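Working notes, beginning with the structure itself.
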Amino acid sequence: MDSNRKEVIEIIEYIVKLYANMYPKLCQIPLSIEITKDLDARHCEIRPEYADIISQKNQHSDDNGRTVVSRKVGETIYILLNEDKMKEYIINQNATWIGTVAHELTHALDYHQMAKLEGLEYYDKLEKDDYLFISWSEYHAKKNGYSFLRLMLGKMNLLKEDNEEIEKIINIEWPHCIKDFFVDYHKNLNDGLYQIYLTMHILGRYSVWNDLYPEYFNESRLADDFCNTPWMGRLYSFMHKHEDLESIYPCFEEFRAVLSENWPVGKE
């Protein structure tokens, strides 16, 4: 990473510029994008008041990245990228990290816009209490990040022709996603919020395929693939209809009700 750090930073700056062209409101947010060895340690430096919470929670420090908001709305939002993961992706010529940048930029935009809608002076309410917003933002960020990654791969001519791509998704990618989802889901039976996080990620990814290839990937197909967990199909149907903040904002109570089909959720 050290030898090509400058090049990577230049690519990140280019990604931010492209993404801001797609989502101009991103330009309203003061951002700091950092490559760090330890997500938790840097998180604690930025928000020392959360150090105890971060140390007690399973923060998944091997994640590709993390968005950390400052306490006050309007102050810097930090996007932390995992140096070891970035190194691994670059060595393996895997462009996944490009999607990671877009994913975290989406979180930053979601936090900023939600705080404005709620008229908040501080982000604390969203960070500590609003699991509905946080869960929705995971879906939104996964969808936008993965969609942006595919857009970039297309520009680099790294995607297969449609028929080949569909076959690859049907036979390899989607079965692999389902398998990994259930393995991780059952490993976290005592952590409902993390189960919701995992669910938002798989549904966000699926929604990109749904948009690109609706004949092959749609609500009916997903419901069939999760026929033993019918709540999954109903949750996806709801998420696919509420993919921007303007559409989900008046519907968070409905979102709570949909989630409650599988998780015991109550009012904050």
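Along the sequence shown, residues are numbered consecutively beginning with 1. None of the values given here were measured: they were computed from a predicted structure.
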- Query: Does the side chain of N262 reach to within under 4.5 Å of the side chain of I196, using non-hydrogen atoms?
  - Reply: no
- Check whether any side-chain heavy atom of E254 lies under 4.5 Å from a side-chain heavy atom of F238, and answer yes or no. yes
- Test applied, side-chain contact (heavy atoms from CB on, under 4.5 Å); reference residue, F217; option that passes from I170, L222, V208: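 That would be I170.
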- Message: E243 and side-chain contact (heavy atoms from CB on, under 4.5 Å): which single residue from M239, E246, H240 fits?
- Response: H240
How many angstroms lie between [atom1] in [X] and [atom2] in [Y], if you round to the nearest 0.5 Å?
X: D110; Y: L126; atom1: CG; atom2: CG; value: 10.5 Å
X: N82; Y: T36; atom1: CG; atom2: OG1; value: 8.0 Å
X: I12; Y: I98; atom1: CD1; atom2: CD1; value: 9.5 Å
X: L80; Y: E34; atom1: CG; atom2: CD; value: 6.0 Å
X: T67; Y: E104; atom1: OG1; atom2: CD; value: 3.5 Å

Do [Y] and [X] meet the salt-bridge criterion of a basic N to acidic O distance under 4.0 Å?
X: D63; Y: K85; answer: no
X: R5; Y: E83; answer: yes
X: E75; Y: K72; answer: no
X: K241; Y: E219; answer: yes
X: D225; Y: R221; answer: yes
X: E261; Y: R234; answer: yes

- Message: Is there a side-chain contact (heavy atoms from CB on, under 4.5 Å) between E138 and K143? Walk through the geometry before answering.
- Response: CA-CA 8 Å; E138 286 300 342; K143 171 156 192 170; over 6 Å; no
Go through the side-chain N and O atoms of [X] and [Y] and say whether any donor and acceptor fall under 3.5 Å apart.
X: N210; Y: Y236; result: yes
X: S147; Y: N144; result: no
X: Y146; Y: W209; result: yes

- With sequence neighbours left out, which residue pairs that include part of residues 93-103 fulfil the salt bridge (Lys or Arg N to Asp or Glu O under 4.0 Å) condition? none
- Mark yes or no for whether T100, through its side chain, and N64, through its backbone, hold a donor-acceptor pair below 3.5 Å.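 Between the backbone of N64 and the side chain of T100 there is no qualifying donor-acceptor contact (under 3.5 Å).
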- Message: Just to verify, what does Y249 make a side chain to side chain contact (heavy atoms under 4.5 Å, CB included) with, not counting sequence neighbours?
- Response: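 Applying side chain to side chain contact (heavy atoms under 4.5 Å, CB included) to Y249 gives M114, L117, E118, F252.
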- Can you sort out the partners of R71 under side chain to side chain contact (heavy atoms under 4.5 Å, CB included), two or more places apart, ordered by chain and number?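 Scan of R71 (side chain to side chain contact (heavy atoms under 4.5 Å, CB included), adjacent residues dropped) gives R47, E49, Y122, D124.
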Return the orientation label for the [X] and [Y] ring planes: parallel under 30°, perpendicular over 60°, tilted otherwise.
X: W263; Y: Y185; answer: tilted
X: Y111; Y: Y123; answer: perpendicular
X: Y19; Y: Y23; answer: tilted

Sequence neighbours excluded and cut-off under 3.5 Å, please list the side-chain donor-acceptor pairs for residues 155-168, or say none.
residue : atom : partner : partner atom : Å
E165    : OE2  : R150    : NH1          : 3.0
E167    : OE1  : N171    : ND2          : 3.0
K168    : NZ   : E173    : OE2          : 3.2

In residues 175-182, what donor-acceptor pairs under 3.5 Å come from side-chain atoms, sequence neighbours left out?
residue : atom : partner : partner atom : Å
H176    : NE2  : D180    : OD2          : 3.0

- Task: For residues 86-105, pull every pair meeting ring pair (Phe, Tyr, Trp, His ring centres under 6.0 Å), keeping only residues two or more places apart or in separate chains.
- Result: H103-H107, H103-H201
- Proximity of Y216 and Y213 rings by center, below 6.0 Å: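 Centroid separation for Y216 and Y213: 6.0 Å or greater.
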